[in-house]
Amino acid sequence: MGQYSIKELEALTGIKAHTIRIWEKRHNLIQPQRTETNIRLYSDDDLKQILNVSILYNQGYKISKIANLTQPELLNKVTELTNEEKPVNELYIDQFTISMVEMDESKFHRMLSQAIIKFGFENTMLNIIYPFLRKIGVLWLSNNINPAQEHFISNLIRQKIIVAIDGLDHEHTDKSLTAVLFLPESEMHEIGLLFFHYLVKKKGYKTYYLGQNVPLPDLKKSVEKVNADILISAISYVGDEKELEKYLAVLDETFSDKKILIAGKALIDRKSMLPESIQTFATPEELHTLL
């Protein structure tokens with residue numbers, strides 16, 4: 001069970017700490033525990049309650065009216081909002097967060113399918129799933145989700161992207177360019193790379209997805225075997241900067257005749273160490289342009 005400070009609750013819900021205190025005191029919406037030094041600590045149930053309240057509040061409901069709702073009435077109102085013509089992205093993000101905390105697979109699939117139908121797969125990924133993954137990052141930093149919860153929700157997202165990739169046209173011509181997608185050794189978070197795979201395949205490339213934790217010698221063999229035109233990767237973690245610089249130099253030397261595109265803020269912030277042949281991108285739109 002999670003234990004959240006009021007600042008962590010603010011980061012996860014988007015509701016200011018001052019407002020949360022007012023809701024607690026005036027409207028008795030939650031009843032946090034307190035430490036011996038009188039510091040508030042909030043539970044998973046408190047997080048879910050504030051998320052649901054914030055959904056209605058952000059849609060224009062007065063807090064006094066929300067406070068008078070029973071728990072079933074509150075949940076029904078939230079469900080009604082998800083079925084409206086133009087739901088806001090934040091509503092889905094909050095519901096995904098609740099699904100992760102509760103490890104509720106059916107709810108997550110139902111909400112994600114609904115979002116894809118309304119917004120399309122790419123917009124759902126860009127405007128809902130990516131912000132949701134950033135919220136998971138906040139939970140990780142505050143030690144309020146365990147590995148099982150993170151793996152649970154990440155694998156559900158991963159499955160959806162794979163289904164979307166399988167739904168694309170697999171026919172190619174002799175003129176189709178070839179792309180190899182991979183993550184270096186020690187890089188394990190592949191949701192971003194899977195989405196890049198979807199975008200590159202949709203653009204008509206013949207793709208070879210190698211996945212996570214690929215040693216450089218194995219990458220070299222694969223690129224030679226399929227005669228790849230372009231290599232696409234992502235680097236999110238930087239440990240030893242000298243080791244990273246060495247890896248990029250070897251990558252540049254080994255594939256000097258290839259186009260190399262690498263995503264990740266870690267590299268964008270360190271452009272000075274990049275060989276000229278390696279290009280970085282921060283968004284799917286930038287990837288489209290580079291392709």
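These numbers were taken from a predicted model, which means no experiment stands behind them.
In terms of hydrophobic clustering, with Ile, Leu, Val, Met, Phe, Trp and Tyr side chains grouped at heavy-atom distances under 4.5 Å, Val226 and Val214 are assigned to a common cluster. Placement of Leu41 and Ile30 in two distinct hydrophobic clusters is found when ILVMFWY residues are connected by side-chain heavy-atom separations under 4.5 Å, directly or transitively.
In this structure, the ring of Phe196 has its center less than 6.0 angstrom from the ring center of Phe281.
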* Tyr198/Phe121 under ring-ring contact (aromatic ring centres under 6.0 Å, His included): CA gap, chis, key distance, verdict -> CA-CA 10 Å; Tyr198 170 86; Phe121 178 73; 4.7 Å; yes
* To do: In sequence, state the C-alpha distance, the side-chain angles, and the governing distance for Phe195 and Tyr130, and then conclude on side-chain contact (heavy atoms from CB on, under 4.5 Å).
  => CA-CA 11 Å; Phe195 186 46; Tyr130 271 35; 3.3 Å; yes
* To do: Would you check, one step at a time, whether the test side-chain hydrogen bond (donor to acceptor under 3.5 Å, both in side chains) holds for Ser54 with Asn52?
  => CA-CA 5 Å; Ser54 69; Asn52 281 323; over 6 Å; no
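The number of heavy-atom neighbours closer than 6.0 Å to CD of Glu185, taken from other residues, nucleotides and ligands shown, is above 12.
Although no hydrogens or angles enter the test, the distance criterion places no donor-acceptor pair under 3.5 Å between the side chain of Gln95 and the main chain of Leu91. Listed for the Tyr205 side chain is a donor-acceptor partner under 3.5 Å among the backbone atoms of Leu291. Between the side chain of Thr207 and the backbone N or O of Lys201 there is no donor-acceptor pair closer than 3.5 Å. Formation of a donor-acceptor pair under 3.5 Å by the Glu10 side chain with backbone atoms of Ala17 is found in this model. Judged purely by atom type and a 3.5 angstrom limit, Thr19 has no side-chain atom pairing as donor or acceptor with the backbone of Ile15. Although no hydrogens or angles enter the test, the distance criterion places a donor-acceptor pair under 3.5 Å between the side chain of Asp46 and the main chain of Ser43. With hydrogens and angles ignored, the 3.5 Å screen pairs no side-chain donor or acceptor of Gln114 with any backbone N or O of Met111. Distance alone, capped at 3.5 Å, places no donor-acceptor pair between the Ser256 side chain and the Asp252 backbone.
Looking at Glu224 and Asn227, their side chains never bring a donor and an acceptor atom within 3.5 Å of each other.
Rounded to the nearest 0.5 angstrom, Lys107 NZ and Ile98 CD1 are separated by 4.5 Å. The distance from the NZ atom of Lys203 to the CG atom of Leu287 is 8.5 Å, given to the nearest 0.5 Å. The distance from the CD1 atom of Ile63 to the NE2 atom of His27 is 5.5 Å, given to the nearest 0.5 Å. Distance check, rounded to the nearest 0.5 Å: CD of Glu285 to NE2 of His288 gives 7.5 Å.
When each of Leu194, Ile161, Ile116 is tested with Met125 by the rule side chain to side chain contact (heavy atoms under 4.5 Å, CB included), just one qualifies, namely Ile161. Screening Gln159, Lys160, Arg158 for a side chain to side chain contact (heavy atoms under 4.5 Å, CB included) with Leu156, the sole residue that qualifies is Gln159.
Of the charged side-chain nitrogens involved, at least one lies within less than 4.0 Å of a carboxylate oxygen, so that Glu24 and Arg34 count as a salt-bridged pair.
Residues passing the salt bridge (Lys or Arg N to Asp or Glu O under 4.0 Å) test with Lys48 are Asp45, Glu102, sequence neighbours excluded.
Under the 4.5 Å side-chain criterion, counting only non-hydrogen atoms from C-beta, Leu231 is not in contact with Lys259.
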